[in-house]
Each structure stands twice: as structure tokens, then as C-alpha cells.
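Worksheet: one structure, shown below.
Labels below follow one simple rule: chain letters A, B, ... track the order of the sequence lines, proteins then strands, and each chain is numbered from 1. Just the heavy atoms: all of them, side chains too, but no hydrogens, waters or symmetry mates, feed the values below.
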Amino acid sequence: EAQVTQNPRYLITVTGKKLTVTCSQNMNHEYMSWYRQDPGLGLRQIYYSMNVEVTDKGDVPEGYKVSRKEKRNFPLILESPSPNQTSLYFCASSQGQGVVNSPLHFGNGTRLTVT
Amino acid sequence: DQQVKQNSPSLSVQEGRISILNCDYTNSMFDYFLWYKKYPAEGPTFLISISSIKDKNEDGRFTVFLNKSAKHLSLHIVPSQPGDSAVYFCAASYQYNQGGKLIFGQGTELSVKP
């Protein structure tokens, strides 16, 4: 089954403790991206990657890191999480370069709570 | 600064009637627009899109209208069904300059009552 898989689905952590949210897609998509969803703000793009070893900042990249060493994986790293990073996170991928003419496929989300 | 705005957080419609969801944008550089639907505990799924060279795109019960001069787009669902109850996000992108960036609105929660 074609899908984007995020792990974990739920995560509670403490301020400053490094964490990684994994994202993997099995559709051989070139484009991958991370979003966070917050009440009243909708979905905001954190980072995106047009291809392996190519990553770019979205609108809210502060406090996050990503890497794209392989086509299928695009982990989101929080080196020193803070409470304002408490959010619902979505990973997404699409065929081809970018989001035009190629709809995003989203994972089911990771609910992160930082205390 | 919210470049894509959905000013109605929620909308309630009777089954069989038309649902109209609205979206406004501020950046005239946007030239590609999409609508996504999201059910609870799931990721958003693509619904329909439109390029700025068109003013209308239809797919079954779903039609998206684009008014470039007003920087406004709308999604019409006719007839509305209870299974359409979800949060709807509009999104905008730059087709040629920054193909990877996608800006979403805040979302509108649609409730279709039987």
C-alpha cells in the first residue's frame, strides 16, 4: 500500500531533550516536506526537500533540523525542544519536483507535547 | 502575516444543499491553488486544484472557482453529504519561482447535517 509513515504517533517529552520524528514514504517520491498544525494557524511548512541531499526552509524552520540522505526518509529533528513546539506534525511527499501538478500525500500525524 | 486566509472557522450545511468554502490570499505571485480535506486523526488528503490560467475547475461534486482580481477562491460542494464533514484547507503555491513552497490557510470545519 502506498503510504507516508510517521513515527511515533504520540510523543511527550521535556524541554531540551533531543528528539527525532521519522518519516518514510514507499512511493519513490522526490519531494518531501514537514508541516505543523496549530489551532487558528492552519498548516505551516517547516522544511521541504526537492530531492536527496537538497533541503530548504519553509515558513517556520526555527528550532528544527532535517536531513535527506535517502529518497524514502525525511526525519525531523528537534535538537532542544521547547514548549512552543508542542503541536501536531505532518510529513508529506509528492511525485516530481515540488507541489505543482503533484498533490501531496500526508502521513497520519505526530502529536508532540513538550513540557 | 497570513498570506492565505480562511475567515470562517466553521460552516454548517444541511445534507443535499450547497456548501461554499471561501479562501482569500494576499500575494499576487501565487499562481497555483489547492484544496485539501482532513478527517480527525488522519493526514490531509488532496481534493482539487486550479492553476491561475483558469477560473474554474470541476471534479464531480466539487468545483473550485478562482477570482484573480479579488484574490479569492472558493470551493463549492454540490450536493453536500454527511461524509463531506471534515476540515478543509486551501493552499497556494508559486508554480515557477518556488515550486516547493506551499502556504496553507487556517482551515474551515464543515459539518453536513443529515
Side-chain angles (χ1 to χ4, degrees), chain A residues 2-7 9-10 21 23 25 27 29-51 54-61 66 68 74 88-111, chain B residues 1-10 21 23-27 29-54 57 59 62 64 86-109:
Chain A
Q3 58 186 3
V4 177
T5 304
Q6 296 178 228
N7 280 298
R9 288 295 305 271
Y10 301 91
V21 183
C23 175
Q25 50 93 4
M27 295 168 280
H29 285 170
E30 292 183 353
Y31 177 92
M32 296 186 76
S33 185
W34 276 102
Y35 296 85
R36 58 179 289 175
Q37 183 186 356
D38 300 290
L41 296 175
L43 290 157
R44 292 180 294 167
Q45 192 173 36
I46 303 171
Y47 270 95
Y48 63 95
S49 170
M50 304 280 268
N51 213 328
V54 178
T55 62
D56 279 296
K57 295 178 181 178
D59 289 318
V60 288
V66 292
R68 188 90 184 275
F74 191 45
L88 178 59
Y89 291 86
F90 290 100
C91 179
S93 71
S94 72
Q95 191 175 12
Q97 292 286 312
V99 296
V100 173
N101 297 322
S102 180
L104 288 171
H105 296 255
F106 282 85
N108 283 332
T110 295
R111 172 79 63 185
Chain B
D1 179 30
Q2 194 84 19
Q3 296 186 69
V4 178
K5 297 179 185 179
Q6 295 176 256
N7 292 317
S8 298
S10 62
L21 295 94
C23 180
D24 297 297
Y25 61 97
T26 57
N27 192 333
M29 296 294 288
F30 289 142
D31 53 14
Y32 192 73
F33 304 90
L34 310 94
W35 284 93
Y36 282 82
K37 178 165 89 170
K38 183 185 179 304
Y39 292 118
E42 294 182 11
T45 55
F46 170 73
L47 193 56
I48 193 169
S49 64
I50 188 167
S51 166
S52 59
I53 61 173
K54 294 185 173 183
N57 188 27
D59 185 1
F62 302 90
V64 56
V87 177
Y88 289 79
F89 292 99
C90 68
S93 183
Y94 313 86
Q95 187 155 354
Y96 298 110
N97 292 336
Q98 297 185 60
K101 280 210 165 197
L102 189 61
I103 313 295
F104 282 85
Q106 305 97 310
T108 296
E109 184 171 10

Using non-hydrogen atoms and a 4.5 Å limit, figure out which bit of A:Arg111 sits close to chain B: side chain, backbone, both or neither. neither
Contacting moiety of A:Gln6, where chain B heavy atoms sit under 4.5 Å: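 Nothing of A:Gln6, per the 4.5 Å heavy-atom cut-off to chain B.
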Taking all non-hydrogen atoms of both residues, which atom of A:Pro103 and which atom of B:Phe46 are closest, and how far apart?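 Looking at all heavy atoms of both residues, the closest pair is CB-CG, 3.3 Å.
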Within the 4.5 Å heavy-atom criterion, are A:Tyr48 and B:Leu102 side-chain neighbours or not? no
Let me know if B:Pro44 has heavy atoms under 4.5 Å from chain A in its side chain, its backbone, both or neither. both
Below 4.5 Å from any heavy atom of chain A, which atoms of B:Lys5 appear? Answer side chain, backbone, both or neither. neither
So, using side chain to side chain donor-acceptor pair (under 3.5 Å) as the criterion, who are the partners of B:Tyr25 when residues are at least two apart? none
Atom CZ of B:Phe104 and atom CZ of A:Phe90: how far apart are they, to the nearest 0.5 Å?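 It is 10.0 Å, given to the nearest 0.5 Å.
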Under a 4.5 Å heavy-atom cutoff, which of A:Leu43, A:Leu88, A:Asp56 has the most pairs with chain B? A:Leu43
Using the test salt bridge (Lys or Arg N to Asp or Glu O under 4.0 Å), find all partners of A:Arg44 that sit at least two apart in sequence or belong to another chain. A:Asp38
